[in-house]
Trainee: 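Below is a structure I'd like to ask you about.
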Amino acid sequence: MRVLAAALLIVPLAAGCANGGDGPVTLRVLADSSLTEVMSDLTAVYRQSHPHLRFRLRLDGSQILTGELDEGDVVITADTASLRSPDEDLEPARTVARNSLTIAVAPGNPLRVRGLARLADRRMKVVFGPSTGPLGRYSQEVLSRAGVSVKPRSEEGSARAVLGLVRSGQADAGLVYITDMKSAGAAASSVAIPAAQNVGVVYPAAAVSESPRLEDATAFVDWLASAEATSLFNKYGFQSP
(Lines give C-alpha, C1' and ligand atoms only; values in the text may rest on other atoms or scores of the structure.)
Protein backbone atom coordinates (compact mmCIF):
# COMPACT_ATOMS: atom_id res chain seq x y z
CA MET A 1 0.00 0.00 0.00
CA ARG A 2 2.85 2.41 0.77
CA VAL A 3 4.38 1.78 -2.66
CA LEU A 4 1.03 2.46 -4.35
CA ALA A 5 0.53 5.73 -2.43
CA ALA A 6 4.00 6.92 -3.42
CA ALA A 7 3.28 6.12 -7.06
CA LEU A 8 0.04 8.11 -6.97
CA LEU A 9 1.85 11.14 -5.56
CA ILE A 10 4.38 11.07 -8.38
CA VAL A 11 1.80 11.12 -11.21
CA PRO A 12 0.83 14.85 -11.09
CA LEU A 13 4.46 15.86 -10.75
CA ALA A 14 5.42 13.82 -13.78
CA ALA A 15 2.57 15.36 -15.74
CA GLY A 16 3.79 18.80 -14.74
CA CYS A 17 7.32 18.05 -15.91
CA ALA A 18 6.06 16.80 -19.25
CA ASN A 19 4.06 19.97 -19.91
CA GLY A 20 5.93 22.72 -18.13
CA GLY A 21 9.48 21.40 -17.89
CA ASP A 22 10.09 22.34 -14.27
CA GLY A 23 7.09 20.82 -12.51
CA PRO A 24 3.56 22.13 -11.86
CA VAL A 25 2.74 25.70 -12.85
CA THR A 26 0.58 27.79 -10.51
CA LEU A 27 -1.68 30.38 -12.15
CA ARG A 28 -2.77 33.15 -9.81
CA VAL A 29 -6.27 34.24 -10.76
CA LEU A 30 -7.79 37.46 -9.39
CA ALA A 31 -11.57 37.21 -9.81
CA ASP A 32 -14.55 39.29 -8.74
CA SER A 33 -16.24 37.71 -5.71
CA SER A 34 -19.47 37.21 -7.67
CA LEU A 35 -17.58 34.45 -9.53
CA THR A 36 -16.78 32.48 -6.36
CA GLU A 37 -18.66 29.25 -7.10
CA VAL A 38 -18.21 29.09 -10.87
CA MET A 39 -14.43 29.62 -10.64
CA SER A 40 -14.07 26.34 -8.73
CA ASP A 41 -15.74 24.46 -11.57
CA LEU A 42 -13.91 26.35 -14.30
CA THR A 43 -10.47 25.67 -12.88
CA ALA A 44 -11.28 22.01 -12.13
CA VAL A 45 -12.47 21.36 -15.69
CA TYR A 46 -9.54 23.23 -17.25
CA ARG A 47 -7.04 21.19 -15.24
CA GLN A 48 -8.42 17.98 -16.72
CA SER A 49 -6.81 18.89 -20.05
CA HIS A 50 -3.92 20.87 -18.51
CA PRO A 51 -2.67 18.66 -15.65
CA HIS A 52 0.54 20.68 -15.29
CA LEU A 53 -1.46 23.62 -13.92
CA ARG A 54 -2.48 24.51 -10.41
CA PHE A 55 -4.70 27.49 -9.56
CA ARG A 56 -4.53 29.98 -6.71
CA LEU A 57 -7.74 32.02 -6.55
CA ARG A 58 -8.05 35.49 -5.03
CA LEU A 59 -11.71 36.56 -4.83
CA ASP A 60 -12.73 40.10 -3.88
CA GLY A 61 -14.29 43.28 -5.24
CA SER A 62 -13.01 44.22 -8.70
CA GLN A 63 -11.85 47.65 -7.50
CA ILE A 64 -9.59 45.92 -4.97
CA LEU A 65 -8.20 43.29 -7.33
CA THR A 66 -7.08 45.79 -9.98
CA GLY A 67 -4.76 47.30 -7.38
CA GLU A 68 -3.07 43.92 -6.96
CA LEU A 69 -2.17 43.06 -10.56
CA ASP A 70 1.44 42.39 -9.63
CA GLU A 71 0.14 39.50 -7.51
CA GLY A 72 -1.79 37.81 -10.33
CA ASP A 73 -1.44 36.18 -13.73
CA VAL A 74 -5.09 36.56 -14.79
CA VAL A 75 -7.69 39.10 -13.68
CA ILE A 76 -11.47 38.86 -14.16
CA THR A 77 -13.53 41.89 -13.20
CA ALA A 78 -17.26 42.69 -13.25
CA ASP A 79 -16.93 45.63 -15.65
CA THR A 80 -14.60 46.95 -18.32
CA ALA A 81 -13.96 50.26 -16.55
CA SER A 82 -12.02 48.49 -13.80
CA LEU A 83 -9.41 47.40 -16.35
CA ARG A 84 -8.76 50.93 -17.62
CA SER A 85 -6.52 52.27 -14.87
CA PRO A 86 -3.72 54.57 -16.08
CA ASP A 87 -1.01 52.14 -15.01
CA GLU A 88 -2.69 49.01 -16.36
CA ASP A 89 -0.36 46.35 -17.69
CA LEU A 90 -2.72 43.86 -19.28
CA GLU A 91 -3.08 41.88 -22.47
CA PRO A 92 -6.26 42.45 -24.56
CA ALA A 93 -9.33 41.46 -22.55
CA ARG A 94 -12.05 39.02 -23.59
CA THR A 95 -15.65 39.12 -22.38
CA VAL A 96 -16.36 35.76 -20.76
CA ALA A 97 -19.84 36.20 -19.19
CA ARG A 98 -22.68 38.61 -18.52
CA ASN A 99 -25.02 39.24 -15.60
CA SER A 100 -27.63 41.68 -14.25
CA LEU A 101 -28.83 43.04 -10.91
CA THR A 102 -31.61 42.13 -8.49
CA ILE A 103 -32.85 43.34 -5.10
CA ALA A 104 -31.87 41.04 -2.21
CA VAL A 105 -34.29 41.06 0.73
CA ALA A 106 -34.98 38.99 3.84
CA PRO A 107 -36.50 35.51 3.34
CA GLY A 108 -40.11 35.79 2.24
CA ASN A 109 -39.77 39.54 1.65
CA PRO A 110 -41.45 40.57 4.96
CA LEU A 111 -41.26 44.30 4.15
CA ARG A 112 -43.07 43.68 0.86
CA VAL A 113 -40.52 45.32 -1.39
CA ARG A 114 -42.02 45.40 -4.89
CA GLY A 115 -39.43 47.44 -6.73
CA LEU A 116 -36.66 50.01 -6.61
CA ALA A 117 -38.95 52.84 -5.46
CA ARG A 118 -39.38 51.12 -2.09
CA LEU A 119 -35.66 51.49 -1.42
CA ALA A 120 -36.07 55.28 -1.22
CA ASP A 121 -38.00 54.89 2.05
CA ARG A 122 -35.63 56.29 4.67
CA ARG A 123 -36.86 53.75 7.19
CA MET A 124 -35.34 51.02 5.02
CA LYS A 125 -31.81 49.88 5.82
CA VAL A 126 -30.37 49.62 2.33
CA VAL A 127 -26.76 48.69 1.51
CA PHE A 128 -24.89 49.05 -1.78
CA GLY A 129 -21.59 48.04 -3.26
CA PRO A 130 -18.75 50.59 -3.29
CA SER A 131 -19.23 53.66 -5.45
CA THR A 132 -15.65 53.13 -6.68
CA GLY A 133 -16.40 49.60 -7.92
CA PRO A 134 -18.58 47.92 -10.54
CA LEU A 135 -21.49 47.01 -8.26
CA GLY A 136 -21.83 50.55 -6.93
CA ARG A 137 -21.71 52.03 -10.42
CA TYR A 138 -24.23 49.53 -11.75
CA SER A 139 -26.51 50.21 -8.77
CA GLN A 140 -26.52 53.96 -9.41
CA GLU A 141 -27.22 53.37 -13.10
CA VAL A 142 -30.19 51.16 -12.25
CA LEU A 143 -31.58 53.73 -9.81
CA SER A 144 -31.10 56.52 -12.34
CA ARG A 145 -33.05 54.59 -14.96
CA ALA A 146 -35.86 54.11 -12.46
CA GLY A 147 -35.79 57.76 -11.40
CA VAL A 148 -35.15 56.78 -7.79
CA SER A 149 -32.74 58.39 -5.30
CA VAL A 150 -31.49 56.22 -2.44
CA LYS A 151 -29.08 57.05 0.37
CA PRO A 152 -27.58 53.73 1.51
CA ARG A 153 -26.77 53.00 5.14
CA SER A 154 -23.37 51.72 4.03
CA GLU A 155 -21.24 50.80 1.03
CA GLU A 156 -19.71 47.34 1.22
CA GLY A 157 -16.63 46.02 -0.58
CA SER A 158 -18.39 43.43 -2.75
CA ALA A 159 -21.73 41.95 -3.73
CA ARG A 160 -21.15 39.05 -1.35
CA ALA A 161 -20.63 41.50 1.51
CA VAL A 162 -23.89 43.25 0.63
CA LEU A 163 -25.71 39.93 0.50
CA GLY A 164 -24.14 38.90 3.80
CA LEU A 165 -25.69 41.89 5.59
CA VAL A 166 -29.11 41.10 4.15
CA ARG A 167 -28.81 37.45 5.10
CA SER A 168 -27.82 38.31 8.67
CA GLY A 169 -30.69 40.79 9.09
CA GLN A 170 -28.36 43.78 9.46
CA ALA A 171 -29.83 45.26 6.27
CA ASP A 172 -33.37 45.22 4.87
CA ALA A 173 -32.32 45.21 1.23
CA GLY A 174 -29.35 45.50 -1.09
CA LEU A 175 -28.57 45.48 -4.79
CA VAL A 176 -26.56 42.43 -5.85
CA TYR A 177 -25.92 40.37 -8.96
CA ILE A 178 -28.64 37.86 -9.84
CA THR A 179 -26.14 35.01 -9.67
CA ASP A 180 -25.26 35.88 -6.06
CA MET A 181 -28.72 34.78 -4.98
CA LYS A 182 -27.82 31.16 -5.77
CA SER A 183 -25.31 31.25 -2.93
CA ALA A 184 -27.89 32.63 -0.49
CA GLY A 185 -30.16 29.60 -0.53
CA ALA A 186 -33.14 30.06 1.79
CA ALA A 187 -31.38 32.83 3.74
CA ALA A 188 -32.56 35.58 1.37
CA SER A 189 -35.17 36.30 -1.27
CA SER A 190 -34.95 38.25 -4.50
CA VAL A 191 -37.12 40.96 -6.05
CA ALA A 192 -36.70 41.26 -9.81
CA ILE A 193 -35.75 44.55 -11.45
CA PRO A 194 -37.63 45.23 -14.74
CA ALA A 195 -35.47 44.80 -17.83
CA ALA A 196 -36.00 48.43 -18.83
CA GLN A 197 -34.42 49.54 -15.54
CA ASN A 198 -31.75 46.88 -15.29
CA VAL A 199 -28.18 46.95 -16.63
CA GLY A 200 -25.98 44.57 -18.57
CA VAL A 201 -23.08 43.45 -16.38
CA VAL A 202 -19.98 42.44 -18.34
CA TYR A 203 -17.11 40.23 -17.12
CA PRO A 204 -13.85 40.82 -19.00
CA ALA A 205 -10.83 38.57 -18.39
CA ALA A 206 -7.24 39.49 -19.22
CA ALA A 207 -3.76 38.10 -18.72
CA VAL A 208 -1.31 40.27 -16.79
CA SER A 209 1.42 41.29 -19.24
CA GLU A 210 4.28 40.97 -16.76
CA SER A 211 3.23 37.49 -15.67
CA PRO A 212 6.10 34.95 -15.78
CA ARG A 213 3.42 32.48 -16.88
CA LEU A 214 2.01 34.63 -19.68
CA GLU A 215 1.57 31.80 -22.19
CA ASP A 216 -0.49 29.72 -19.77
CA ALA A 217 -2.39 32.79 -18.57
CA THR A 218 -3.33 33.81 -22.12
CA ALA A 219 -4.42 30.28 -23.00
CA PHE A 220 -6.66 30.15 -19.93
CA VAL A 221 -8.27 33.51 -20.79
CA ASP A 222 -8.95 32.27 -24.33
CA TRP A 223 -10.56 29.13 -22.94
CA LEU A 224 -12.80 31.16 -20.61
CA ALA A 225 -14.48 32.55 -23.73
CA SER A 226 -14.98 29.08 -25.23
CA ALA A 227 -18.25 27.14 -25.54
CA GLU A 228 -17.12 24.70 -22.86
CA ALA A 229 -16.49 27.46 -20.32
CA THR A 230 -19.69 29.28 -21.31
CA SER A 231 -21.74 26.18 -20.47
CA LEU A 232 -20.25 26.27 -16.95
CA PHE A 233 -21.01 29.97 -16.57
CA ASN A 234 -24.58 29.25 -17.70
CA LYS A 235 -24.86 26.49 -15.07
CA TYR A 236 -24.39 29.14 -12.37
CA GLY A 237 -26.87 31.57 -13.90
CA PHE A 238 -24.47 33.78 -15.89
CA GLN A 239 -25.48 34.83 -19.38
CA SER A 240 -23.39 34.01 -22.42
CA PRO A 241 -20.78 36.58 -23.51
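Starting from 1, each residue takes its place in the sequence as its number. Given the structure is predicted, the values throughout are model-derived calculations rather than measurements.
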Trainee: Output yes when E141 and R137 qualify as a salt bridge under the 4.0 Å nitrogen-oxygen rule, no when they do not.
Mentor: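 No salt bridge links E141 with R137.
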
Trainee: Any donor-acceptor pair under 3.5 Å linking the side chain of T43 with the backbone of F55?
Mentor: no

Trainee: Between the main-chain N or O of P51 and the side-chain N or O of R54, is there a donor-acceptor pair closer than 3.5 Å?
Mentor: yes

Trainee: Test of understanding: with side-chain hydrogen bond (donor to acceptor under 3.5 Å, both in side chains), list the residues that count as partners of T26, not counting sequence neighbours.
Mentor: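 Scan of T26 (side-chain hydrogen bond (donor to acceptor under 3.5 Å, both in side chains), adjacent residues dropped) gives none.
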
Trainee: Is R58 salt-bridged to E68, cutoff N-O under 4.0 Å?
Mentor: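 Yes, charged N to carboxylate O under 4.0 Å.
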
Trainee: Under the side chain to side chain donor-acceptor pair (under 3.5 Å) criterion, do T66 and S82 qualify, and how do the steps go?
Mentor: CA-CA 7 Å; T66 50; S82 294; 5.4 Å; no

Trainee: Do the side chains of R118 and D121 get close enough for a salt bridge, i.e. N-O under 4.0 angstrom?
Mentor: yes

Trainee: Would you please name every residue forming a salt bridge (Lys or Arg N to Asp or Glu O under 4.0 Å) with E215, sequence neighbours left out?
Mentor: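 Salt bridge (Lys or Arg N to Asp or Glu O under 4.0 Å) list for E215, sorted by chain: empty.
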
Trainee: Between R47 (side chain) and L53 (backbone), is there a donor-acceptor pair under 3.5 Å?
Mentor: yes

Trainee: Side chains of L119 and I103: does their closest heavy-atom pair fall under 4.5 Å?
Mentor: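 With C-beta onward as the side chain, the pair touches.
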
Trainee: Check whether N99 reaches the backbone of V201 with its side chain - one donor and one acceptor, N or O, closer than 3.5 Å.
Mentor: no

Trainee: Are the side chain of R160 and the backbone N or O of S183 linked by a donor-acceptor pair below 3.5 Å?
Mentor: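 Looks like no, no N/O pair under 3.5 Å.
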
Trainee: Quick one, V29 and M39 - any side-chain contact, counting heavy atoms below 4.5 Å?
Mentor: yes

Trainee: Just wondering, more than 12 heavy atoms not from R56 lying within 6.0 Å of its CZ?
Mentor: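 Atom CZ in R56 is not crowded, with 12 or fewer foreign heavy atoms closer than 6.0 Å.
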
Trainee: Can any side-chain N or O of D180 pair as donor or acceptor with the backbone N or O of Y177 at less than 3.5 Å?
Mentor: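 Such a contact is found between D180 side chain and Y177 backbone.
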
Trainee: Report yes or no: does N109 contribute a side-chain atom to a donor-acceptor pair with the main-chain N or O of V113 at less than 3.5 Å?
Mentor: yes

Trainee: Can you list everything that forms a salt bridge (Lys or Arg N to Asp or Glu O under 4.0 Å) with E210? Sequence neighbours excluded, please.
Mentor: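 In terms of salt bridge (Lys or Arg N to Asp or Glu O under 4.0 Å), with neighbours along the sequence ignored, E210 is linked to no residue.
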
Trainee: So, the side chain of D73 versus the backbone of R28: is there a donor-acceptor pair under 3.5 Å, distance only?
Mentor: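 Looks like yes, one N/O pair under 3.5 Å.
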
Trainee: For Y46, check ring-ring contact (aromatic ring centres under 6.0 Å, His included) against everything at least two apart and list the hits.
Mentor: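 Residues passing ring-ring contact (aromatic ring centres under 6.0 Å, His included) with Y46: H50, F220, W223.
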
Trainee: Return yes if some donor-acceptor pair links the side-chain N/O of D32 with the main-chain N/O of L35 below 3.5 Å, else return no.
Mentor: no

Trainee: Report the residues that fulfil ring-ring contact (aromatic ring centres under 6.0 Å, His included) with Y203, sequence neighbours left out, ordered by chain and then residue number.
Mentor: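 Checked Y203 against ring-ring contact (aromatic ring centres under 6.0 Å, His included); matches are F238.
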
Trainee: Quick check against the 3.5 Å criterion: does S144 have a side-chain atom that pairs as donor or acceptor with the backbone of Q140?
Mentor: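 Side chain of S144 to backbone of Q140: no pair is present.
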
Trainee: Going through the distances and angles, do S226 and E228 end up as a side chain to side chain donor-acceptor pair (under 3.5 Å)?
Mentor: CA-CA 5 Å; S226 71; E228 183 178 26; 5.0 Å; no

Trainee: What residues, two or more places apart in sequence or in another chain, satisfy side-chain hydrogen bond (donor to acceptor under 3.5 Å, both in side chains) together with Q197?
Mentor: none

Trainee: Does the pair E91 and S209 meet the rule for a side chain to side chain donor-acceptor pair (under 3.5 Å), with working shown?
Mentor: CA-CA 6 Å; E91 298 299 291; S209 298; 2.6 Å; yes

